[in-house]
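All remarks here apply to the structure that follows.
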Protein chains: 2
Amino acid sequence: MSTILDVCKLANVSKATVSRVINGTGQVKESTREKVFSAMQSLGYRPNRLAQALATNKTHTIGLVVSDFDGIHFGLLLKQAAASAEFAKKQLIVTDGHNDPDYEYEVIMQLEAQCDAVVLYSRTLTDDHIQRLHQQLTIPIVVINRDLPEQLFHSVSFQQEDAIKLMMGHLLDNGHRQIACITGHMMNPTGIARLNGYKYSLAQLGVNFDEKLVKHGVYDMKSGYQACKELINDGVSFTAIIAFNDCMALGALRALTEAGIQVPEQVSIIGIDNDPVSEFFTPRLTTVKLPIADMTKQAVELAITLCDETKATHSYQYKGQLIERESVMPVRSVLSS
Amino acid sequence: MSTILDVCKLANVSKATVSRVINGTGQVKESTREKVFSAMQSLGYRPNRLAQALATNKTHTIGLVVSDFDGIHFGLLLKQAAASAEFAKKQLIVTDGHNDPDYEYEVIMQLEAQCDAVVLYSRTLTDDHIQRLHQQLTIPIVVINRDLPEQLFHSVSFQQEDAIKLMMGHLLDNGHRQIACITGHMMNPTGIARLNGYKYSLAQLGVNFDEKLVKHGVYDMKSGYQACKELINDGVSFTAIIAFNDCMALGALRALTEAGIQVPEQVSIIGIDNDPVSEFFTPRLTTVKLPIADMTKQAVELAITLCDETKATHSYQYKGQLIERESVMPVRSVLSS
DNA sequence: CTGTTAGCGCGTTCAA
DNA sequence: TTGAACGCGCTAACAG
């Protein structure tokens, strides 16, 4: 691995000159520029980015921290982040917080010297953690999917509660009143906001909230499947299921199918995410599209902007969009199921 | 962001001493160690990893390069890589090659100064590219899923052809002879090896290879769906479908369902990957498990080992395992479908 | 046990 | 237009 000194020797110039042609700064005579270029060429020289970063205090890297690589939206998020970063010629360094708040916190602090900005998609860090991070960090941080009461930092968020209301509205419009609910984790803001949406929609129509209709899942198919099985075994009656994501909705679909219950004839199902697989199940799943790609693009682009110019904190809000397919239909009679 | 100098001043010691307590090297009197510790504490000091790396020529980072973050196995691969890396207290830096060989090549070369080793999972780089990389790079590189004729570098590979033979064997054992094939991309070694497996198995039983039974997909559900639709529209007769991954098999399943063709009663389907969703479709998909997690673990651990000690090139081979579920059954009669 | 000095590979004044 | 010298934050001999 050749260094700038090797280039100097081969081209008979000083480090300063080589540095100038590398970065296109200052004035360099055409002939020497060519000398340097061909020297770099024949040596296969590539500037050491670590050294550059140390010298300039600019890494041209943005950090992406996620609580868990397993997360439902992680794939799409990463893909979009990578695309946006590359477009701006920035490197992306991705880190997993292993669902451990302390570890995640430490990881972000460590990133400070390695990135010009960080994008955080956390489901374990408390609002307080994020607040502290924002204060201690000398680099800007953009938070995805978190709504703090005050807009104290850059954020790109999603209207969780509204999305559920949208789903509930669709179900209620179709005459459903006995609506079972399969939630996600209940110890983070997303889960809580969504459950609030569920309760709110019920209350709006004067439907009593029934604890027995609520089961907690963990956002994967298996938990959706099991939650639905419990629902069936409990013998409670319901005409529709609202799941806090598509995977669990699909798991529930499987459980109903196995139990010989027709979807949507006997029970309607609605999910949220617009997971690509949802379209390939039978029946095709009705869902709410969650604009993860757009949000990620926004967040990364904001982070990139913040690398160079310091801007007032800005926050963006996104909302869901109903995608009607085949898994919801009007209730036939209140007695069904 | 405080530096080592700030700690020096606060603790009234030299950089060398601070460095010693940071790294636990050399001898330091207990009392001064404590002084330094508390100074670091109260400053919230964290060593700058870039500077450390530059000084020691050790980054404690391993690079992971993938052709495309969209790849089917990417999620699991990344998750396992992250777990293995963290276990060894190494950072992971992940990069997407955007399916562009030149870009990918350049990315890897750039990584040289930022990593102690790199793990490559490429489907666009030619064997020749990899060969050149191996020669030019001063850091070790571990290649996943590539079989070069000679074992010239560290590799962790999968017996692609055998896996297809396994699937075909299962179909043939069940009496199938008219077996349609939905392939993946045909310009990389994996696709070619798999198609060879298909042809080989057919030839073994003296079944003629029929061009019309082969359709090319791109490893996603949609392409599997379309390939199967073409098969149906073409009017060729077949009693089974072998798809080069689960997603396409599931897409095909959807197409058959829409066409009113019973699976597996009229047509059997087999996939490969053991994708988590496969279990939740009806019928549950019979497939071959591809040990991506194990392979990744092996590759990353090997890479980590190579950071410290230089070892003779080693290569590991993995093979698939049949998982029988519900989408394959014996042919009823040659006339079916 | 501790401090001094010299790098790591590069960017950037300031003179020349 | 160019080069010498210094600094980025840290580690690593080598003395003391």
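Naming convention: chains lettered A, B, ... in sequence-line order (proteins, then strands); numbering from 1 in each chain.
- For the pair Gln27(B) CD and dA12(D) P, the interatomic distance rounds to 16 Å; values are reported in whole Å.
- OP1 or OP2 of dG3(C) sits under 4.0 Å from a side-chain N or O of Thr17(B).
- In this structure, the CG atom of Leu5(B) is 11 Å from the P atom of dG7(D), given to the nearest Å.
- Taking only side-chain nitrogens and oxygens, Thr3(A) never comes nearer than 4.0 Å to OP1 or OP2 of dG9(C).
- Thr32(A) has a side-chain polar atom (N or O) that falls below the 4.0 Å cut-off from OP1 or OP2 of dT2(D).
- Lys29(B) has its NZ atom 5 Å from the P atom of dT2(C), to the nearest Å.
- The residues Asp308(B) and Lys58(B) are annotated as salt-bridged, a charged nitrogen and a carboxylate oxygen being separated by less than 4.0 angstrom.
- When the P atom of dC10(D) is taken as reference, atom CG of Leu50(A) falls 14 Å away, rounded to whole Å.
- The 12-atom threshold is not exceeded at NZ of Lys29(B), counting heavy atoms of other residues, nucleotides or ligands nearer than 6.0 Å.
- For Ala16(A), taking side-chain heavy atoms from C-beta onward, the closest of the listed nucleotides dC10(D), dT12(C), dG9(C) is dT12(C).
- Looking at heavy-atom distances under 4.0 Å, Thr25(B) makes no contact with the nucleic acid at all.
- With Leu64(A) as the partner, the side chain to side chain contact (heavy atoms under 4.5 Å, CB included) test is satisfied by one option alone out of Leu111(A), Leu78(A), Thr95(A): Leu78(A).
- Mapping Ile22(B) and Lys15(A) onto DNA chain D by nearest heavy atom places Lys15(A) at the nucleotide closer to the 5' end.
- Straight-line distance from the CD1 atom of Ile4(B) to the C1' atom of dG7(D): 15 Å, rounded to whole Å.
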Chi angles and distances behind the side chain to side chain contact (heavy atoms under 4.5 Å, CB included) call for His98(A), Val107(A)
CA-CA 10 Å; His98(A) 300 288; Val107(A) 153; over 6 Å; no
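- The residue among Ser31(B) and Tyr45(A) whose nearest nucleotide of DNA chain C is located toward the 5' end is Ser31(B).
- Minimum atom distance to the side chain of Ala55(A) is reached by dC10(C), of the listed dC10(C), dT4(C), dC10(D).
- You'll find the side chain of His185(B) reaches within 4.5 Å of the side chain of Tyr219(B), heavy atoms only.
- Rounded to an integer number of Å, the gap from CG of Leu54(B) to C1' of dC8(C) is 4 Å.
- Base contact: Ser19(A) has a heavy atom under 4.0 Å from a base atom.
- The side chain of Asn23(B) contributes an N or O atom lying less than 4.0 Å from OP1 or OP2 of dT11(D).
- Between the side chain of Arg20(A) and the base of dG3(D) there is at least one donor-acceptor pair of N/O atoms closer than 3.5 Å.
- When heavy atoms are screened at a 4.0 angstrom cut-off, Asn57(B) is found touching no nucleic acid atom at all.
- Taking atom CG of Asn48(B) as the reference point, atom C1' of dG9(D) lies 6 Å away to the nearest angstrom.
- Within the 4.0 Å cut-off from OP1 or OP2 of dG11(C), at least one side-chain nitrogen or oxygen of Gln52(A) is found.
- Note: Phe74(B) and Phe69(B) have parallel aromatic rings, judged against thresholds of 30 and 60 degrees for the angle between ring planes.
- For the pair Met40(A) CE and dC10(C) C1', the computed distance is 14 Å after rounding to whole Å.
- When heavy atoms are screened at a 4.0 angstrom cut-off, Val18(A) is found touching no nucleic acid atom at all.
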